[in-house]
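All heavy atoms count here, side chains included; hydrogens, waters and symmetry mates do not.
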Amino acid sequence: ISIGDTIWNVHPSKIRYCKDDLTVDNFSIQHNNQFITIDGHATASADDVLRLKLKKINIEYILNLVNFHSVDFSGMATGEATLSALFSKEPQANADITVDEFRFEGGRMGVLQAGVSLDNSLKQIDIDAVAHDTDGRSTDIRGYVSPQRSDIKLDITAHDTRLEFVEGFCSSFMRDIDAKANGKVCLYGPLSNINLTGDLIVDG
C-alpha cells in the first residue's frame, strides 16, 4: 500500500472479528527497517491483550490519523503498547516509547523517552516523559492530553533546554532563536486556544 510517498508491504496475517471479540495473528506492515506489528486477542476482559510494536514510525503520521494538530510534535517513534478490555466501558492502554529526533513546535529536543497511559476516570491520556539532548541538556514533560474534554496540560521543566520551540508560540515578534533555558513553564488550555506560561532563565 502507499502512504504519502512511501510504499509499505503488508505481510500475510489472520484477523478475526465477531461482536466484541477481536483476534489478530501477527499483523505486520513494513517499509525497510520501519514497521508496525499487532498481535493478540481483545475482548471486554482486561485479561485479553493486544500488543502493538513500533519501529522508527513518524509520529506525525500517527497524529494525522487521530486528527491531532493543536500542538506540533515530530520524530521517529520506537516502542511497545498494550491494549486490554478494548470492548468494555473502561479500556486500558499503556505504552513505552522512545522518539528519536524529537521536535516540539519545530524545536529540537533530543531523544524523548515517554510513558503513556489511559486514565478512564479522568478521561485523559497521561504523559510522563523526559527528553535527553546533547551536552547534558534535558527536558521533563509531565501532564495529560484529553481529546474527550478537548484540553491539555503539560508541565515542562527545562534543564539547559533549547528554546527553539518558543518560536512556535512567539513567531510574531521572535525569530532565529539560539538560546538555552532553565526553569518551568506550563502548556495548558483548550486544544483550540493553547497558552504557554511560566518563568525561564534564558542564556542566548
Side-chain angles (χ1 to χ4, degrees), residues 1-104 109 111-132 141-150 152 154 191:
I1 63 173
S2 176
I3 301 176
D5 58 356
T6 305
I7 301 298
W8 292 76
N9 295 310
V10 181
H11 297 277
S13 64
K14 293 181 179 180
I15 300 173
R16 188 191 72 216
Y17 175 76
C18 56
K19 182 173 173 54
D20 296 342
D21 192 308
L22 173 67
T23 300
V24 181
D25 184 7
N26 199 33
F27 172 83
S28 179
I29 179 171
Q30 184 175 14
H31 168 72
N32 294 335
N33 65 340
Q34 300 172 274
F35 65 77
I36 300 173
T37 64
I38 305 173
D39 190 67
H41 185 207
T43 65
S45 171
D47 294 329
D48 294 318
V49 179
L50 272 184
R51 292 179 175 83
L52 172 70
K53 293 184 179 181
L54 310 173
K55 184 176 180 184
K56 295 187 180 298
I57 301 300
N58 191 330
I59 59 175
E60 288 180 300
Y61 283 167
I62 301 170
L63 295 178
N64 285 336
L65 285 173
V66 298
N67 196 29
F68 181 85
H69 302 290
S70 302
V71 186
D72 289 332
F73 299 105
S74 64
M76 307 301 285
T78 299
E80 297 187 13
T82 58
L83 306 171
S84 58
L86 194 61
F87 296 104
S88 72
K89 292 182 179 179
E90 293 192 346
Q92 300 173 20
N94 294 278
D96 289 300
I97 298 172
T98 298
V99 182
D100 294 322
E101 302 172 30
F102 178 66
R103 287 176 179 256
F104 170 51
M109 304 285 282
V111 177
L112 181 78
Q113 294 177 309
V116 181
S117 60
L118 180 63
D119 187 329
N120 286 293
S121 61
L122 296 176
K123 297 179 171 52
Q124 65 191 35
I125 300 167
D126 293 331
I127 300 167
D128 188 350
V130 59
H132 296 283
I141 304 168
R142 292 182 175 85
Y144 67 82
V145 177
S146 177
Q148 188 163 345
R149 296 196 311 268
S150 295
I152 188 172
L154 295 176
L191 296 178

By side chain to side chain donor-acceptor pair (under 3.5 Å) - contacts of T43 (at least two apart): D48
Can you classify the ring geometry of F73 versus F104 as parallel (below 30°), tilted (30 to 60°) or perpendicular (above 60°)? parallel
Please check this pair: side chain of S150 against backbone of L191, looking for a donor-acceptor N/O pair closer than 3.5 Å. no
May I have the step-by-step check of side chain to side chain contact (heavy atoms under 4.5 Å, CB included) for I97 and T78, ending in yes or no? CA-CA 6 Å; I97 298 172; T78 299; over 6 Å; no
What residues form a side-chain contact (heavy atoms from CB on, under 4.5 Å) with L52, not counting sequence neighbours? I36, I38, L54, A81
Over all atoms of both residues, closest heavy-atom pair of F87 and Y17: CZ-CE1, 3.8 Å
Got a sec, which residues hit side-chain contact (heavy atoms from CB on, under 4.5 Å) with L86, two or more places apart in sequence or on another chain? A42, L50, L83
Who pairs with H31 by side chain to side chain donor-acceptor pair (under 3.5 Å), at least two apart in sequence or on another chain? none
Salt bridge (charged side-chain N to carboxylate O under 4.0 Å, His left out) filter on R51, not counting sequence neighbours, yields none
Salt bridge (charged side-chain N to carboxylate O under 4.0 Å, His left out) partners of D128, counting only residues at least two apart: R142
Return the set of residues passing ring pair (Phe, Tyr, Trp, His ring centres under 6.0 Å) with H132 (not counting sequence neighbours), or none when no residue passes. none
Would you please name every residue forming a side-chain contact (heavy atoms from CB on, under 4.5 Å) with D72, sequence neighbours left out? E105
Quick one: side chain to side chain donor-acceptor pair (under 3.5 Å) partners of N120, sequence neighbours excluded? none
Residues which pass side chain to side chain donor-acceptor pair (under 3.5 Å) with S121, listed by chain and number, not counting sequence neighbours: D119
Can any side-chain N or O of D25 pair as donor or acceptor with the backbone N or O of K14 at less than 3.5 Å? no
Residues that E101 engages under side-chain contact (heavy atoms from CB on, under 4.5 Å), provided they are two or more places apart: none
Not counting sequence neighbours, list each pair that qualifies as a salt bridge (Lys or Arg N to Asp or Glu O under 4.0 Å) and has a residue in residues 80-96. none
